[in-house]
Amino acid sequence: MIELKNSVQLDKMRSAGRILGQLLEQLGAEVRPGITTQALDEIAERFIRQQGGQPAFKGYRGFPATICASVNEEVVHGIPSDRRLKAGDIVGLDVGAIVEGYYADAARTFPVGEISREARDLIATTEAALNAGIRQARPGNRLGDISHAIQAVAEEGGYAIVRDFVGHGIGTRLHEPPEVPNYGEPGRGPVLEAGWVLAIEPMVNLGGAAVEVLPDGWTAVAKDGKISAHFEQTVAVTPQGPEILTECPKKKPYK
Ligand code: MG
């Protein structure tokens with residue numbers, strides 16, 4: 001059962017999303033060689049609370065922090081720690097917020113100092129794959145249109161889509177139906193309706209698609225040790241097309 005959100009509910013999700021858009025801009029400015037992922041987590045928690053939200057991940061199934069910070073071969077769900085980022089690393093920062101009981105969820109992968117051409121290309125392609133998926137988030141399309149668009153961009157770039165984790169509906173819970181795989185067939189799956197809200201989130205690996213979860217029970221890494229990128233936006237399906245709820249208001253509107 002995919003719950004449709006009305007305009008009052010969407011407004012709450014916009015509020016949660018706006019916090020995340022601003023926060024990710026701010027975190028991007030803080031990411032630099034020498035900073036710890038724990039310091040980024042503290043900035044995130046303080047900002048979300050100052051803005052009147054609550055961190056959505058902290059305590060979720062026992063997750064201990066406000067952000068997930070996933071470095072290099074870590075795909076998703078990395079736990080912030082005293083690890084210092086160093087030049088040449090890439091770091092995926094994933095964060096959720098709750099406002100008046102409504103959730104938003106967003107992620108970006110940032111370069112730490114100067115990074116390799118290989119890493120820059122992976123990041124750019126992963127973001128392009130997300131945007132290709134978002135463009136399909138309009139009433140009358142099918143879920144498989146989103147999935148396929150993401151997969152096509154990633155695989156044309158020569159990369160592997162992670163299949164063990166998928167995007168999701170979002171609303172009064174962090175994860176609601178439907179699942180939003182980052183691979184699939186166009187023209188398949190349920191028909192999108194205005195009022196759906198989806199967290200669309202490709203995870204793209206430089207090497208193979210296989211991932212494994214470390215003994216901490218959270219951190220998912222690429223099995224072959226090669227780098228991975230992750231981008232996520234919370235997107236409402238509206239009669240006018242996709243509306244990104246987690247964009248930074250200072251950035252140009254989505255075309
Ligand atoms: Mg998510």
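Nothing here was measured: the structure is a model prediction, and the numbers come from that model. Heavy atoms only: backbone and side chains are in, while hydrogens, waters and symmetry mates are out. Numbering of ligands and ligand atoms starts at 1, following listing order.
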Closest Glu232 atom to the Mg ion (ligand 1) [N, O or S only]: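 The closest N, O or S atom of Glu232 to the Mg ion (ligand 1) is OE2.
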
The Mg ion (ligand 1) to Glu201: nearest N/O/S atom name: OE2

Asp105 near the Mg ion (ligand 1): N/O/S under 2.8 Å: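 An N, O or S atom of Asp105 is closer than 2.8 Å to the Mg ion (ligand 1), so yes.
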
Contact flag His168/the Mg ion (ligand 1), N/O/S atoms, threshold under 2.8 Å: yes

Heavy-atom neighbours of Arg49 CZ exceed 12 at 6.0 Å: yes

Treating [X] as the side-chain partner and [Y] as the backbone partner, does any N or O pair qualify as donor plus acceptor under 3.5 Å?
X	Y	result
Thr246	Gln233	no
Asn72	Ile227	no
Thr126	His230	no

